[in-house]
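Worksheet: one structure, shown below.
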Amino acid sequence: MTNHTSDFMKSLSERGYIYQCSDETQLDKAAVDGIITAYVGFDCTAPSLHIGNLLGIMMLRRLQQAGHKPIVLIGGGTTRIGDPSGKDESRQMLTDEKIAENIEGIKQVFDRFLTFGDGPTDAVIVNNRDWLDGLGYIEFLRDYGKHFTINRMMTFDSVKLRLDREQPLTFLEFNYMILQAYDFVELSRNHGCTLQMGGSDQWGNIINGVELGRRTGTDQLYALTTALLTTSSGAKMGKSVNGAVWLNAEMLSPYDYWQYWRNTEDGDVGKFLRLFTELPLDEIAKLEALEGAQLNEAKKVLATEATAMAHGREQAEKAAATAQETFEKGGLSADLPTVEVPEADLSAGLDVLEAFVLAGLSKSKGEMRRHIKGNAASVNDNKVIDDKLKLGNDDIKDGVIKLSIGKKRHILLKGV
């Protein structure tokens, strides 16, 4: 369906968010007739969300901008089980203390994207532990377990993937989809929520909630998912050479975040501008039509706009200026990411392999030796040719030592 009448569905469709929807026509009508309340769930498996979560956050933002109410569901309860969707093996079990710590970390992100308050379209945060902890096991199985058949659950991709690869799927994880379905019903009853959004790997879980709602007499519920993003080359979006692209600045600097977007593949520039910025569509069309070296300017726009969304305009422009100073003017910007090392280590002579590993530019000394052999490593813009090199006080320039892998990855070492 393409002829949407609601601002919400028009926006999602025009910008390329919609992959599956349980009843697109009725959802579009509901969004015209009044305020709809929708949620996206976020489990607390790390102290920060990453850009793999960004599509869900952006859909909640588009929802609110169109005059509707977003709910951020924090999975304080379901995190204790672990979602098997898209996983080859069971997640590591986290302690309650670690989950609580992670919740505080991921809450930081939402204030940048959503407006919270008590108004009819203000966002709210809820934690499913508040209702899941109070469930009686026997009562829950009697009242809700009867609505789920093993036959149907075995057809879901999250289950089939694990079984096809002969990986164990625990009974604990098997219960996850039932609890997620119950979350939707709970939010419908107590918050008037009628729409759950998520990635396409969540389709089966979300549809379970829609069906459970129908069987237990709630209002009409809807499911809407986005396609799981991959880059033009087929790589999973959200991974960098250094691992996950985190949304919290203490886990990934705004500069490194900016660099991630700047390095977008040519074929993804338009798509990412539509999904992750708020530039007008006609401006995006002009940017994605650029070719050759000019397309790099579009990538800089994408990087700055996406970083401004996550870290604020000031940090985004600072990151852009740092990149220009470092790459285009050949300078040494003090705003490059900095790693501190004890001055005593520098005075004694710091092994170059260890220095690059400490800086996070290499995962191991073995990998670092390969970088050196491939002429990819530099200290203060001079190629490293000896893997037994020692870094010391003589290498400090303007108070720091600049370490580089290739042309785009730079870290400053600073003695403390």
**salt bridge (charged side-chain N to carboxylate O under 4.0 Å, His left out) assessment of R80 paired with D96** = CA-CA 8 Å; R80 298 162 79 188; D96 288 351; 3.4 Å; yes
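- Taking both residues in full, the closest heavy atoms of M9 and L27 are given as SD-CD2, 3.9 Å, listed atom of the first, atom of the second, then distance.
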**Request:** May I have the step-by-step check of side-chain contact (heavy atoms from CB on, under 4.5 Å) for L212 and Y144, ending in yes or no?
**Result:** CA-CA 8 Å; L212 183 62; Y144 298 98; 4.0 Å; yes
**Request:** Quick one: do Y39 and D183 satisfy side-chain contact (heavy atoms from CB on, under 4.5 Å)? Show the steps, please.
**Result:** CA-CA 10 Å; Y39 89 96; D183 283 344; 4.1 Å; yes
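- Put simply, the residue from L73, N205, N128 that forms a side-chain contact (heavy atoms from CB on, under 4.5 Å) with Q180 is N205.
- Inter-residue side-chain proximity for L224 and Y17 is flagged as unmet; no heavy-atom pair is nearer than 4.5 Å.
- To the nearest 0.5 Å, atoms CE (M251) and OH (Y257) are separated by 14.0 Å.
- Separating the CD atom in Q26 from the SG atom in C21 is a distance of 10.5 Å, to the nearest 0.5 Å.
- Taking the charged nitrogens against the carboxylate oxygens, K29 and D23 have no contact shorter than 4.0 Å, which rules out a salt bridge.
- Taking the centre of each ring, F356 and H371 stay at or above the 6.0 Å mark.
- With a 4.5 Å cut-off on side-chain heavy atoms, L403 and L391 count as touching.
- T225 pairs with exactly one of Q20, Q196, Q202 by the side chain to side chain donor-acceptor pair (under 3.5 Å) rule, that one being Q20.
- Taking 4.5 Å as the limit, every side-chain heavy atom of N102 sits out of range of all side-chain heavy atoms of T79.
- In this structure, CG on N208 lies 8.0 Å from CD1 on I178, to the nearest 0.5 angstrom.
- Ring to ring, Y19 and W203 are not that close: their centroids are 6.0 angstrom or more apart.
- Comment: K373 does not engage D387 in a salt bridge, judged by the lack of any side-chain N to carboxylate O separation of less than 4.0 angstrom.
- G77 and N127 get closest at one heavy-atom pair: N-OD1, 4.0 Å.
- Between K383 and I372 the shortest side-chain heavy-atom distance does not fall below 4.5 Å.
- Residues F110 and I74 are in side-chain contact: their nearest non-hydrogen atoms beyond the backbone lie under 4.5 Å apart.
- A donor-acceptor distance shorter than 3.5 angstrom exists from the side chain of T322 to the backbone of K318, with no hydrogens or angles considered.
- Here T194 contributes atom OG1 and Q220 contributes atom CD; the two are 9.0 Å apart, rounded to the nearest 0.5 Å.
- Contact of the I207 side chain with the S22 side chain is registered, since non-hydrogen atoms from C-beta on lie closer than 4.5 Å.
- Distance alone, capped at 3.5 Å, is enough to place a donor-acceptor pair between the E367 side chain and the K363 backbone.
- We find that E101 and K98 are joined by a salt bridge, their nearest charged nitrogen and carboxylate oxygen being less than 4.0 Å apart.
- Here the closest heavy-atom approach between residue H50 and residue A244 is recorded as CB-CB, 4.5 Å.
- Here the closest non-hydrogen pair linking D122 and Q64 is CA-NE2, 3.7 Å.
- D268 places no side-chain N or O within 3.5 Å of a backbone atom of T231 that could act as its donor or acceptor partner.
- Counting only heavy atoms from C-beta outward, the side chains of I125 and F116 approach each other to under 4.5 Å.
- In this structure a side-chain-to-backbone donor-acceptor pair under 3.5 Å is missing from R62 to L12.
- A salt bridge links E305 with R313; the closest basic N to acidic carboxylate O contact falls under 4.0 Å.
- Atom CG of L275 and atom OG1 of T226 lie 8.5 Å apart (nearest 0.5 Å).
- At least one donor-acceptor pair under 3.5 Å links the side chain of T304 to the backbone N or O of K300.
- Residues T230 and K271 come closest through the heavy atom pair O-NZ, 3.3 Å.
- In plain terms, the two heavy atoms of V124 and G117 that are nearest each other are CG1-O, 4.2 Å.
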**Item:** Stepwise side-chain contact (heavy atoms from CB on, under 4.5 Å) check, D266 with K299
**Value:** CA-CA 8 Å; D266 292 359; K299 293 181 183 181; 2.5 Å; yes
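- One finds a salt bridge joining R215 and E211 here, because a Lys/Arg side-chain nitrogen approaches an Asp/Glu carboxylate oxygen to under 4.0 Å.
- For the atom pair S6 OG and H68 NE2, the distance stands at 6.0 Å (nearest 0.5 Å).
- In this structure the side chain of L55 reaches within 4.5 angstrom of the side chain of F276, judged on heavy atoms.
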**Evaluation steps, side-chain contact (heavy atoms from CB on, under 4.5 Å), between F184 and T218** = CA-CA 10 Å; F184 200 175; T218 69; over 6 Å; no
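- For E250, the CD atom counts as densely surrounded, since its 6.0 Å shell holds more than 12 non-hydrogen atoms of other residues, nucleotides or ligands.
- Between the T264 side chain and the W261 main chain, a donor and an acceptor come within less than 3.5 Å of each other.
- Between the side chains of T78 and D43, at least one donor-acceptor pair of N or O atoms lies under 3.5 Å.
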